[in-house]
Amino acid sequence: MITGKNYIGNTLKASGDKTHKTINPRLNIQNQTAFYEATSDEVDEAVELAWSAFKIYRKVAGVKRAEFLNAIADEILALDQELLDSYTSESGLPEARAIGERGRTVFQLRSFADLVSNEDWRENTIDEAMPERTPIPKDDLRRTLIPLGPVVVFAASNFPLAFSTAGGDTASALAAGCPVIVKAHAMHSGTAELVASAIIKAAERTGMPNGVFSNIMGRGRTVGVKLVKHDKVKAVGFTGSISGGRALFDIASQRKEPIPVFAEMGSINPVIITQKAIENRSDNIATAFAGSITMGAGQFCTKPGLLLTVEGDGTDQFKKDLAKKTIAIAPQYMLHPDIKKAFVDNVNMVSSQAGTEVVGKVEKAIDANEGPSQITSVSGKEFLANPKLHLEAFGPFALVVKAKDQEELINIINGLDGQLTGTIIAEKEDHPNLHDVIDALENRVGRIIFNGVPTGVEVCPSMQHGGPYPASTDSRFTAVGTNSIKRWVRPVSYQSFPNALLPCALKR
Ligand code: NAP
């Protein structure tokens, strides 16, 4: 049952008087429950509890943490229809998407459970002593990875399950041995509370310390800022806007003890389409990208927002086909009226820049919170000269850029901000000419896709979801896949330690 209260450790609390309500984008009305924003004392209590829980939880054996993570997955599934109903009523996304995202969330939790059920993930390294070494004997050295401490996770608006309360950040941090305090996204507070209740049940059932998890609500930045400034918080995970991620990163680095903020933010995900690919299969490419641009109403961090072509036969026809197919796909509800407004404003801003042409846009009447798809185009020269054309429009929109030749295309890639992904659509005959494109992309993106679409992020160890700033604040790490656990740990070496005092996995 949704109560509208915060989970401060295992206890539901609502001592404040500030409330907010979520919105049903389909019906364009407020949902009924009033959610109590956490007071300053409640925030402090959640962090203090997390700090005391950390002392116990960091020592909990991997198999027990795995039991906890699997129990969370079971409890989420047990929420059944109540969770699906809350998800759809707060996001406007269809039930099929809710089921898919729940499956991904459960899969992530179980993947981390598998990972930590043995100690291999800690990359334990042992250099045995060499007392006879000359001229200086070598000491015994053993290195492992240990958890950082309490982690604050900012839930993402566009993934109410898989990147929210029990999403990838929470699952990886709990797997690493870090207690988690989630700052729920205000626009899916009910879904957040339900999932939090599943985590708390799992924690109690598997004997985890009170404070290993809290779910707190707030709007208007106060709660989030207080959490990031708290001296007992040791790392932050964030998915959302560049301005939000950057603000939290700056706050964290100005603390007396700066802490890491792993923020996954904006991306326009360039796609390079060769002339030969357009000549051979323009129609198929247009179909695939119309689907990818509009998937989930374009509200994916990997949505292809920039299609780079080189002037030639078929380029103009390609962009017309793309626009026709994109706007033929039925408009979908966006997550929230503010996100729709930001989308429409950004599309209008990009499409009113000098030299742009609106190739196609939805003209018919649509519901208040549906997202109107649009394709705009511009020349490579204009794109290079105007930074406003590089901005993300979070929704079903793409800008098609026509470069005059390969040299201009490479200049465009080199001039882009950091990106999560880059995609190459090319034919076999193009292969000898692609080395420069690949070199340029490697310097700008975290994942390069060949003859595919960037939407659809596989959860597996080789996935890289993160790229040079502003795609993320630390391009050395991934936010998806089991390697994302590395964000929440740090290495420690033990030199000349007696066996009895070494961590179990490092013992002789
Ligand atoms: P957001 O505005 O960045 O908010 C996300 C979370 O960060 C919220 O909990 C918010 O708390 C907090 N926050 C934001 N700015 C903050 C600040 N200066 N100080 C402290 N906390 C702050 O993102 P959103 O609500 O999800 O969507 C807004 C826009 O972000 C979208 O239109 C889209 O452009 C972009 N977005 C991008 C991605 C992506 O994956 N690239 C995903 C989602 C959204 P409060 O509620 O307290 O303000």
Side-chain angles (χ1 to χ4, degrees), residues 6 18-23 25 35 37-38 43 90-91 93 152-160 162-165 167-169 181-189 192 215-230 233 236-252 254 261-269 295-305 334-347 349-350 369 371 391-397 417-421 446 454-455 457 465-467 469-473 479-480:
N6 301 279
K18 229 175 129 195
T19 59
H20 64 259
K21 289 188 171 181
T22 61
I23 290 176
F35 293 93
E37 304 196 4
V43 173
E90 292 185 328
S91 69
L93 297 167
V152 167
V153 170
F154 285 79
S157 59
N158 59 338
F159 278 93
F163 281 91
S164 286
T165 322
D169 288 352
I181 301 158
V182 166
K183 153 71 173 72
H185 197 283
M187 285 306 108
H188 43 76
S189 302
N215 178 61
I216 59 185
M217 291 176 287
R219 260 205 112 174
R221 276 100 217 246
T222 323
V223 165
V225 169
K226 184 167 168 73
L227 278 168
V228 175
K229 283 187 172 171
H230 202 294
V233 166
V236 176
F238 171 93
T239 307
S241 64
I242 296 178
S243 59
R246 181 61 199 240
L248 296 170
F249 178 85
D250 289 344
I251 291 168
Q254 282 154 18
V261 173
F262 297 100
E264 195 250 280
M265 304 169 290
S267 223
I268 52 174
N269 302 299
M295 185 186 284
Q299 301 165 117
F300 286 127
C301 45
T302 53
K303 181 209 70 177
M334 299 198 73
L335 293 160
H336 182 261
D338 291 350
I339 282 191
K340 169 160 178 187
K341 184 177 179 313
F343 169 64
V344 171
D345 288 350
N346 285 345
V347 169
M349 188 274 297
V350 169
N369 294 318
L391 296 179
E392 180 185 29
F394 194 66
F397 170 79
D417 284 342
Q419 305 290 332
L420 289 171
T421 74
T455 39
V457 181
H465 192 69
Y469 183 85
S472 52
T473 44
V480 174

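Ligands are counted one by one from 1 in listed order, and the atoms in each one are counted from 1 as well. Side chains are part of it too, since the values below use all heavy atoms of this structure and drop only hydrogens, waters and symmetry mates. Because the structure is a prediction, the values reported are computed rather than measured.
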Any protein N or O within less than 3.5 Å of an N or O in ligand 1? List each pair with its distance, or say none.
residue	atom	partner	partner atom	Å
ligand 1	3 (O)	Ser241	N	2.9
ligand 1	3 (O)	Ser241	OG	2.5
ligand 1	9 (O)	Lys183	NZ	2.9
ligand 1	11 (O)	Lys183	NZ	3.4
ligand 1	25 (O)	His185	NE2	2.9
ligand 1	26 (O)	Ser157	OG	2.5
ligand 1	26 (O)	His185	NE2	3.4
ligand 1	30 (O)	Ser241	N	3.4
ligand 1	41 (N)	Met265	O	2.6
ligand 1	47 (O)	Gly220	N	3.0
ligand 1	47 (O)	Arg221	N	2.8
ligand 1	48 (O)	Arg221	NE	3.0

* Is the distance between the ring centroids of Phe300 and Phe159 less than 6.0 Å? ->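 When the ring centroids of Phe300 and Phe159 are compared, they turn out to be within the sub-6.0 Å range.
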* Mind telling me whether Phe163 and His465 have parallel, tilted or perpendicular rings, with 30° and 60° as the class edges? =>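 His465 vs Phe163 ring planes: tilted.
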* Are the side chains of Thr22 and Phe35 in touch, meaning some heavy atoms are under 4.5 Å apart? ->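 Result yes, sub-4.5 Å side-chain heavy-atom pair found.
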* Determine the minimum heavy-atom distance between Pro396 and Gly371, stating which atoms define it. =>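 Closest pair (atom of Pro396, atom of Gly371, distance): CG-O, 3.8 Å.
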* Considering all heavy atoms, the nearest Thr455-Lys303 contact ->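 In this case the closest contact between Thr455 and Lys303 is CG2-CA, 4.0 Å.
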* To do: Please step through side-chain contact (heavy atoms from CB on, under 4.5 Å) for the pair Phe397 and Val350, ending with a clear verdict.
  => CA-CA 10 Å; Phe397 170 79; Val350 169; 4.0 Å; yes
